[in-house]
Number of protein chains: 2
Amino acid sequence: MGYMNTATDPAGRHRWLTDEEQRVWRAYLHATYLLEDHLDRQLQRDAGMPHIYYGLLVGLAEAPRRRLRMTELAMKAKITRSRLSHAIARLEKNGWVRREDCPSDKRGQFAVLTDEGAEVLRRTAPGHVAAVRQALFERLTPEQQKTLGEIMEIVAEGLQPNEAGADLPWLR
Amino acid sequence: MGYMNTATDPAGRHRWLTDEEQRVWRAYLHATYLLEDHLDRQLQRDAGMPHIYYGLLVGLAEAPRRRLRMTELAMKAKITRSRLSHAIARLEKNGWVRREDCPSDKRGQFAVLTDEGAEVLRRTAPGHVAAVRQALFERLTPEQQKTLGEIMEIVAEGLQPNEAGADLPWLR
DNA sequence: GGCATCTCCTTGAAACTTGAACAAGTCGGG
DNA sequence: CCCGACTTGTTCAAGTTTCAAGGAGATGCC
């Protein structure tokens with residue numbers, strides 16, 4: 001009992017994970033926890049925000065006029081609109097982001113990266129990239145990197161809610 | 001600017017990620033977000049608790065007398081003691097876990113899995129395992145599974161705070 | 001136009017996490 | 001025995017996330 005067991009498929013009963021699968025799964029959980037935790041702390045310390053907020057600024061920085069509609073940004077970051085509202089409120093309070101009304105749709109709002117926000121990014125991006133590089137890429141062979149990419153694309157594809165037709169509430 | 005750029009190492013300046021590294025990194029972020037989200041919802045729906053709380057019950061179920069000292073459990077789950085205190089309080093309210101004083105150390109507390117807790121696990125584990133299997137293992141070749149395990153072990157090892165000597169504050 | 005319906009985003013409350021601070025207990029000298 | 005240093009686990013406050021609900025504007029159809 002517990003997470004899973006060693007047995008495979010005893011004629012109709014539950015299929016647990018094999019020992020090997022279990023090893024892989026636990027390694028996955030362990031590593032992804034540690035990495036997320038590591039990056040969250042790194043960014044909290046150096047940029048004063050959690051990883052996902054940083055990702056929002058990056059999303060804006062990459063957008064045409066440093067701006068994106070709330071829903072677009074939520075989709076890009078794969079979070080709910082609600083969560084984004086709260087997050088942007090916080091970033092706005094920090095002065096990294098500003099809200100602007102959408103002229104063509106009065107319901108709409110743009111989240112706009114401010115100069116200050118861009119500056120924070122400029123200042124903290126190198127450290128963040130270094131952290132990612134050091135925690136991940138420097139430790140893997142090119143082979144492993146390639147396989148990791150393939151695996152992650154497969155997994156993401158399998159979980160992708162939308163799939164040409166099944167429009168998703170970006171989310172939930 | 002932003003997350004990273006395509007340039008490599010222009011004589012002393014910041015090393016960004018190559019295009020390929022960037023692809024891998026974004027795929028990683030995307031997939032791990034989706035998977036964690038997926039499992040969290042699956043467990044919230046079927047077991048009424050988030051993934052990490054489920055992991056705590058599993059940890060207890062695997063322990064000798066279904067019990068573990070708070071600090072041990074925190075280590076096993078790789079979370080802070082503070083977070084564990086809150087979590088156990090909640091699980092206790094649900095009746096899945098009970099606290100017991102440690103006889104040998106009056107500061108100590110055991111978290112003990114109750115029969116109810118064990119029952120919840122028994123009832124929900126198959127669904128959870130199925131979710132993991134379906135989202136991950138069924139989509140990967142044996143080769144990929146093997147490589148994934150290797151990669152995750154490497155990454156975890158690199159982030160492991162302790163390393164024979166550097167005792168860690170379980171955590172932080 | 002009138003009206004049902006959908007979309008955009010926000011809000012509020014509850015749940016969860018974090019970090020610092022803390023009471024209580026243990027431990028190892030002196 | 002006593003005291004300083006450390007450990008154990010909790011608590012508080014602040015921050016974040018979730019979920020359900022809702023206001024306001026757009027849309028389409030009659």
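Numbers restart at 1 for each chain; the letters A, B, ... are given by sequence-line order, proteins then strands. Basis for what follows: all heavy atoms, side chains included, without hydrogens, waters or symmetry-related copies.
In terms of the side chain to side chain contact (heavy atoms under 4.5 Å, CB included) criterion, residue partners of B:Q109 (sequence neighbours excluded) are, by chain and number, B:M70, B:R99, B:D101. A:L43 meets the side chain to side chain contact (heavy atoms under 4.5 Å, CB included) test with A:A47, A:H51, A:Y54, A:H128; sequence neighbours excluded. Remark: B:R83 engages no residue in a salt bridge (charged side-chain N to carboxylate O under 4.0 Å, His left out) (not counting sequence neighbours). Applying the salt bridge (charged side-chain N to carboxylate O under 4.0 Å, His left out) test to A:D40 and every residue at least two apart in sequence or in another chain returns nothing.
Neither OP1 nor OP2 of C:dT18 sits under 4.0 Å from any side-chain N or O of A:R41. Dashed line: the shortest gap from a side-chain N or O of B:R90 to OP1 or OP2 of C:dC16 is under 4.0 Å. Within the 4.0 Å cut-off from OP1 or OP2 of C:dT17, at least one side-chain nitrogen or oxygen of B:Y53 is found.
Rounded to whole angstrom, the span from the CD atom of A:E72 across to the C1' atom of C:dC9 amounts to 14 Å. When rounded to the nearest whole Å, the span between CG of B:D40 and P of C:dT17 equals 9 Å. For the pair A:L84 CG and C:dT10 C1', the computed distance is 11 Å after rounding to whole Å. Atom P of nucleotide D:dT27 and atom NZ of A:K106 are separated by 12 Å, given to the nearest angstrom. For the pair B:R83 CZ and D:dG15 P, the interatomic distance rounds to 19 Å; values are reported in whole Å. Taking atom CD1 of residue A:I88 and atom C1' of nucleotide C:dT11, one finds them 16 Å apart after rounding to whole Å. Rounding to whole angstrom units, CD1 of residue A:I79 and C1' of D:dC19 are separated by 15 Å. When the P atom of C:dA15 is taken as reference, atom CG of B:L43 falls 18 Å away, rounded to whole Å.
With hydrogens and angles left out, the side chain of B:S82 and the base of C:dG19 share a donor-acceptor pair within 3.5 Å.
Distance from the side chain of B:H86 is smallest to D:dT11 among C:dT10, D:dG15, D:dT11. Closest to the side chain of B:P50, out of C:dC16, D:dT10, C:dT17, is C:dC16.
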With 3.5 Å as the limit, what N/O pairs link the protein to nucleotides 5-8 of chain C?
from: C:dT7; atom 1: O2; to: A:R107; atom 2: NH1; distance (Å): 2.6
from: C:dC8; atom 1: O3'; to: A:R69; atom 2: NH2; distance (Å): 3.3

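Electrostatic pairing of A:R133 and B:E21 counts as a salt bridge here, judged by a charged N lying under 4.0 Å from a carboxylate O. Remark: B:R98 does not engage B:D115 in a salt bridge, criterion side-chain N to carboxylate O under 4.0 Å.
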Below 3.5 Å, can you tabulate the donor-acceptor pairs from side chains in residues 146-153 of chain B to any protein atom, sequence neighbours excluded?
from: B:K146; atom 1: NZ; to: B:E150; atom 2: OE2; distance (Å): 3.2
from: B:T147; atom 1: OG1; to: B:E143; atom 2: O; distance (Å): 3.1
from: B:E153; atom 1: OE2; to: A:R23; atom 2: NH1; distance (Å): 2.6

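If you check every strand for non-hydrogen atoms under 4.0 Å, A:I52 touches sugar and phosphate atoms only.
DNA chain D is contacted by both B:Q44 and A:M49; A:M49 maps to the nucleotide lying nearer its 5′ end (nearest heavy atom per residue).
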